[in-house]
Structures are given as structure tokens and as C-alpha cells.
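Notes to accompany the following structure.
Please read these numbers as outputs of a predicted model, since none were measured by experiment. These values consider heavy atoms only, across backbone and side chains, with no hydrogens, waters or symmetry-generated copies.
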Amino acid sequence: MAIEINGTATEAAPRPGQCLRTFLREQGNFGVKKGCDGGDCGACTVHVDGTPVHSCIYPALRAEGHSVTTIEGLSSGGDLHPVQQQFLEHQGFQCGFCTAGMMMTAATFDDEQKANLPRSLKGNLCRCTGYRSIADAVCGSHTHAPDGGAAAQSNAGQLGDDVPAPAGRAVVTGSARYTLDVPAEQLPGLLHLKLLRSPHAHARIVSIDTTAALQVPGVVAVFTHEDAPARLFSTAQHELYTDDPDDTRVLDNVVRFIGQRVAAVVAESVGAAEAGARAIKVEYELLDAVFSPQEALRPGAPAIHGEKDAETARISRPQNNVVAEVHSELGNVEAGFAMADFIHENTYQTQRVQHVAMETHCSIAWLEPSEEPGEDRLVVRSSSQVPFLARRTLARVFDLPEDRIRVVAGRVGGGFGGKQEVLTEDLVAMAALKLRRPVQVEFTRTEQFTATTTRHPFTIKVKAGTTRDGHLTAMQLDVVTNTGAYGNHAPGVMFHGCGESLAVYKCANKKVDAQAVYTNTVPAGAFRGYGLSQMIFAIESTVDELAVGIGMDPLEFRLRNMVRPGDDMLSTNPEPEEDVFYGSYGLDQCVALVRDALERGRSATRTRASTTLARSGPPVSVPRCP
């Protein structure tokens with residue numbers, strides 16, 4: 001029996017054990033996405049005989065004899081389905097990677113399901129929107145444009161208009177092309193790459209036996225540190241690559257965290273590549289490991305990158321596991337504390353957070369032939385926030401001129417800073433250059449959590465003083481950041497976090513001692529806020545405590561101490577930055593708006609407390625239809 005896809009019976013037959021998601025994508029239905037492969041995110045939602053299912057956990061064989069509808073088949077005769085029209089008009093998407101699955105679920109809702117969106121949409125996750133625009137789209141309401149989406153789009157171009165996203169129609173119809181949405185005929189001979197990863201936090205590779213892996217049917221090649229370029233680089237990408245330490249190899253003979261790459265297997269299929277990775281035999285020499293910055297800073301702690309030259313690799317003190325550090329004092333904090341009527345001291349800690357972009361890290365590389373012998377161009381298609389910087393890094397690592405490399409970013413399915421790295425591009429580039437065939441890699445959700453990057457955990461000791469009338473006299477910070485096994489973004493996150501969090505407050509006496517420290521844990525990297533999220537938590541908590549300590553309203557305390565137009569923004573540098581000028585301000589108005597909102601919230605709480613209301617369930621984060 002054939003599977004009917006969007007009204008047409010397909011002659012292709014699913015492979016044994018194949019899920020419906022991969023089968024549909026092989027037939028060119030690229031609107032069906034992979035976000036989890038565990039039935040958790042809903043990005044792969046399709047209809048089977050009109051019922052929404054998660055196709056990543058639905059066996060393709062079960063669909064034989066049934067009708068399957070993907071986002072490409074939801075519309076009819078060129079007209080958008082009503083739910084597609086509503087998502088377009090209300091801009092119920094941002095990156096759009098989850099949107100097709102979200103609409104396939106919402107298209108089946110009745111009024112009762114629309115009235116309980118937290119339950120009805122629990123199988124579809126969005127990382128970008130916060131769900132308000134999705135609720136608007138599903139319910140047909142509008143909370144951010146009084147004239148509605150259609151009217152706003154017809155008048156687009158006027159000040160204050162709700163301007164539609166240029167790729168909106170492509171997103172809602174499933175025709176927007178993300179990194180791996182490339183038809184097979186455009187990449188003949190495509191190979192797949194999978195990684196063997198380290199089971200140890202710190203070890204030296206003594207030997208790797210790839211014999212059994214190469215005998216697995218379908219395996220084409222196995223690459224180890226012996227095949228990888230020797231050049232050190234940083235996976236972090238900045239306009240100045242010297243901002244980050246060169247401490248990473250494509251494949252290394254020393255592994256520094258559980259999950260680090262050990263070998264890359266390239267095969268005709270993902271399954272063959274995975275089998276090949278399992279067949280590799282590795283002998284390790286285990287090394288001592290440290291798992292917290294405090295351990296790593298102790299005398300005698302194992303030096304995670306101790307063999308590297310500090311100046312060449314741009315590491316502050318590799319023997320002491322310190323990647324970068326800042327020590328600064330403005331004024332005299334001891335004198336400032338002597339002037340204080342109230343002093344607050346506390347230690348604040350923040351944890352790791354993963355970006356959880358709906359599209360996992362992925363890349364494809366191939367060679368474009370040139371008329372000149374040996375001048376073929378390397379093309380890398382990648383889910384990258386920084387394609388031009390990635391091209392420069394690949395040129396450095398593989399000793400190629402930049403004009404022989406092209407990095408293409410399709411539509412990116414979420415980034416949040418996590419894709420300001422080179423974590424897949426170097427692997428497929430190496431394989432394509434050596435094998436002269438297209439090579440693709442796609443991380444699993446498990447690899448995203450265990451082998452990419454996270455937000456830097458911070459430990460922040462704060463001491464601050466104030467006078468009785470609410471003026472800051474001294475602020476002192478002792479900051480330790482955990483950059484994990486590699487120093488990508490460690491200096492920038494530390495400097496930005498410490499500097500900008502302090503700069504918004506006027507205080508004559510400020511002292512900062514900060515260190516970014518290596519540990520044998522998953523590397524940290526760029527993340528929305530770039531160190532400010534961690535530092536502001538500590539600074540603003542301290543400001544609250546100071547205000548409470550002297551009996552002052554916390555907002556009033558902020559108004560008395562925040563920088564104003566004409567004030568210098570000073571934190572870790574004794575002189576103001578030359579390019580920091582106030583063209584417009586608004587911080588005091590922002591605080592006033594917050595104060596008004598808090599008062600409205602308190603008034604509403606008092607009103608609710610005076611009235612007995614029947615509640616149907618606990619509060620939820622997904623908005624409901626009005």
C-alpha cells in the first residue's frame with residue numbers, strides 16, 4: 001500500500017524502522033522539521049487522516065494506506081489555510097522553525113481547544129516568541145497592533161506601523177529553507193558525519209583503532225587527531241579573532257570534557273556513521289580533572305591547558321587555569337566603605353543555561369569545481385549567526401585564501417548567541433576537502449546539551465555601601481566565571497558583564513577583581529546578554545538590599561544613583577569610553593513606567609484578594625484566547 005502525501009500517492013517505500021519525519025523529508029517535504037527526535041517539541045507535526053501526530057516518533061510503515069498532510073499541503077488552490085493566514089497577519093513566529101508544526105496542530109482546534117491553549121499547545125514548543133503572538137494567531141486576536149495585521153500590512157511604511165516580516169509567507173507555507181532543506185538531487189553523493197565523543201572529563205588519547213569502524217558497511221572514512229590540522233583556533237567568532245584564546249583543535253589528542261570530539265566517521269548514511277563510531281576502539285590515559293573554578297584555582301590543581309604558550313594562545317595564566325582577568329579600582333573603596341551608614345555583602349551564583357535553539361547545530365560542505373586546477377571552492381552551508389567570521393576561521397584553520405571559501409547561512413532556526421561559534425563547519429570542511437564529496441552533520445538534541453556551549457556560570461561576591469540618605473559610597477566585586485574546557489568568549493563575557501553592570505550607577509569608589517577560569521566541563525560561550533544577565537542579577541539584588549537596609553523604596557534608590565545625561569559611565573576603566581555619549585536617555589522614564597506597572601499590579605492583587613474567585617487550575621505560561 002502506498003502512502004498518500006498531500007493528496008498524491010508516493011511510490012517510495014519506507015525503510016525498516018524509519019520514522020515518518022525522515023521519510024517525508026526524503027520526499028521533499030522540508031516543512032517537516034527536526035527539533036528533538038523524541039516527540040517533545042512538535043516541530044515535525046503532520047496530519048495522518050486529519051489527526052496531528054509527531055512524525056519523529058510515528059513509524060513510517062504505519063502511514064501506509066493512509067493520507068498524510070504536511071504544511072506544504074495545508075493550503076488549497078494557492079489560497080492560504082485560515083490558520084496560515086492568521087499566523088501571517090499576526091506574525092505568530094520569529095525564526096519560524098517551529099511554526100509549521102505549530103500551525104498543523106492549531107489547524108485542528110475547535111473552540112474548546114482554543115479556549116485552553118496551555119493544554120492544547122503543550123506538544124508544540126517555541127523558543128523565540130514567548131507565545132503571545134502565537135496565541136494572537138490561533139485566536140484571531142491582536143495585542144500589538146490596534147488595526148489588526150491585515151490593515152497594518154496594507155499601510156506598511158508609516159511610522160508606528162506593524163511591518164510584516166519579509167519571509168512571512170515562506171514561513172507559514174513551509175517553503176522557507178533552513179540549513180538542511182536541500183533536495184538530494186542538488187547534492188549527489190551526499191555523505192553523513194557522526195562523532196565519537198569522549199567518555200572522560202580529562203584524558204590523553206594513547207591510541208585509536210579504526211579498523212572495525214572502516215569495515216562497517218557504508219563507512220567511507222574515519223578521521224582522528226592525526227588527520228586534523230594542527231593549527232589552534234577559537235570556536236568563538238568576533239570581528240577581532242584575537243579577542244579569544246586559540247586553545248582548540250578540530251580533533252585533539254587530549255580531551256578536556258565529557259562529550260568532546262574524539263573521531264569523526266563519514267558514511268553513506270547516518271545509521272552507518274553511528275555504527276562506525278561505536279566500533280572505534282580508543283585507549284585513554286586518564287588525567288586529573290577539576291569541575292569548579294574554585295578547584296581549578298587552587299595551588300597544584302591540574303593545568304587544563306598548561307602545555308600552551310600564554311602569549312601565542314592569548315591565555316592569561318594557563319598554568320593556573322586563568323583564561324583572562326581584570327583587576328581595577330576607581331577611587332578608594334576602603335575609604336568609601338568607611339563613609340557608609342549601611343553595607344551589604346553577599347555571594348550570588350548563576351547556573352548553566354543551554355540556548356535550546358529549535359534547529360540544532362548543522363552544516364553541509366561541498367566543493368564547487370573551478371576551471372583552474374586545484375582552485376575548487378569550498379562551500380559550507382551552515383546554521384550560523386556569523387557566516388563571514390566563520391569563513392575567516394575556516395581559512396585560517398585549513399590554510400586557504402578566503403576567496404576560495406564561501407559560507408552560506410540559510411534561514412537560521414534560532415541562535416541566541418549559541419551559533420556565534422564554529423562547532424560543525426570545521427568538521428564538514430575537513431571531510432569534504434579530503435573526500436571531495438558533499439558531507440553533512442546534524443547534532444542531536446543530546447549533543448546540543450552535552451557538547452556545544454552554555455551560558456557562563458558566575459560566582460559573584462558583592463560588597464556595597466550607602467549613606468543613610470541613599471547615595472552609594474563604594475561597590476566591590478570579586479567575580480569568578482566558569483568557561484568550561486575551552487575559552488571561547490570567556491574574556492568578552494567577563495569584561496562586558498563586569499563593566500556594563502557597574503557603569504549605570506554613579507559611585508566614586510568601585511573595585512573589580514574578575515577571573516575567567518578553565519574547568520573540565522562543557523564549554524561556555526556567547527549567550528543573550530553576554531555576561532550582563534549574570535552580573536545584573538547580583539548588582540540589582542544588591543541595590544534592593546541596600547535600599548531595604550536604609551528603609552528606602554528600591555526604585556527611589558535607583559533614581560538617586562543612576563547615571564544621567566552628562567555623567568561619565570565608569571566601571572573598570574578610570575577614563576570614560578570615547579565612543580559612549582548620550583544622544584537620548586530614557587532610563588528615568590523606564591523606572592517610572594516600572595513603578596506605575598508595579599502599582600497597578602499591587603492594586604489588582606488587592607482587588608482580587610477582596611473577591612473570591614473560582615480557579616480552574618494553576619497559572620500557566622501560555623496565553624489563553626480572550
Side-chain angles (χ1 to χ4, degrees), residues 234 236-245 293 314-317 322-333 336 344 346-350 417 420 455-465 472-483 487-517 524-543 546 558 561-583 585-587 590:
S234 175
Q237 303 300 294
H238 283 113
E239 188 62 33
L240 296 176
Y241 71 83
T242 53
D243 285 352
D244 305 290
R314 296 183 300 282
I315 300 172
S316 179
R317 289 183 284 133
V322 177
V323 186
E325 54 193 325
V326 58
H327 303 284
S328 171
E329 183 171 7
L330 309 182
N332 186 318
V333 293
H344 170 72
N346 200 6
T347 299
Y348 299 89
Q349 291 183 303
T350 65
Q420 195 183 327
R455 176 170 278 158
H456 287 75
F458 274 46
T459 300
I460 308 155
K461 295 181 181 178
V462 185
K463 181 179 180 181
L472 288 166
T473 62
M475 302 182 76
Q476 181 172 346
L477 301 179
D478 186 350
V479 181
V480 176
T481 79
N482 184 350
T483 190
N488 34 312
H489 293 281
V493 167
M494 180 190 67
F495 280 104
H496 280 280
C498 292
E500 291 153 29
S501 60
L502 278 178
V504 295
Y505 288 111
K506 292 182 292 186
C507 182
N509 309 295
K510 298 177 180 178
K511 184 176 182 181
V512 178
D513 292 289
Q515 296 175 311
V517 182
F527 202 121
R528 278 182 170 176
Y530 215 67
L532 269 296
S533 304
Q534 301 92 311
M535 290 298 303
I536 287 174
F537 161 62
I539 296 296
E540 297 302 323
S541 296
T542 297
V543 169
L546 290 171
R558 285 173 169 82
N561 290 283
M562 65 176 56
V563 294
R564 303 279 182 165
D567 292 335
D568 290 329
M569 297 186 71
L570 301 175
S571 54
T572 58
N573 291 320
E575 300 295 332
E577 296 291 339
E578 293 182 1
D579 60 347
V580 178
F581 300 101
Y582 287 121
Y585 186 57
L587 186 55
C590 178

Handout entry: Contact check, side chains of P245 and P491, non-hydrogen atoms, under 4.5 Å
Key = yes
Handout entry: Side chains of H327 and D513 in contact at under 4.5 Å (non-hydrogen atoms)
Key = yes
Exercise for the section: For the residue pair M535 and V479, establish whether any side-chain heavy-atom pair is separated by less than 4.5 Å. Expected result: yes
Practice task
Provide the closest heavy-atom pair for R528 versus S533 in the form atom of the first, atom of the second, distance.
Solution key: O-OG, 3.5 Å
Problem - Whether H344 and Y348 hold their rings parallel, tilted or perpendicular, with breakpoints at 30° and 60° - result: tilted
Exercise for the section: For atom NZ of K506, decide whether the heavy atoms of other residues, nucleotides or ligands shown that lie under 6.0 angstrom number more than 12. Expected result: yes
Exercise for the section: Would you name the heavy atoms of T473 and G336 that are closest together and state the gap between them? Expected result: OG1-O, 2.9 Å
Exercise for the section: Decide side-chain contact (heavy atoms from CB on, under 4.5 Å) for M562 and V504; before the verdict, give the C-alpha distance in whole Å, the side-chain angles of both, and the deciding distance to 0.1 Å. Expected result: CA-CA 6 Å; M562 65 176 56; V504 295; 5.9 Å; no
Completion exercise
Interatomic distance, NE2@H489 vs CZ@F527, rounded to 0.5 Å, equals 12.5 Å
Practice task
Taking all non-hydrogen atoms of both residues into account, name the closest pair between Y505 and I539 and its distance.
Solution key: CE1-CG2, 4.0 Å
Practice task
Check step by step if side-chain contact (heavy atoms from CB on, under 4.5 Å) holds for V493 and T483.
Solution key: CA-CA 10 Å; V493 167; T483 190; over 6 Å; no
Exercise for the section: Give a yes or no answer on whether the side chain of N561 reaches the backbone of L472 with a donor-acceptor pair at less than 3.5 Å. Expected result: yes
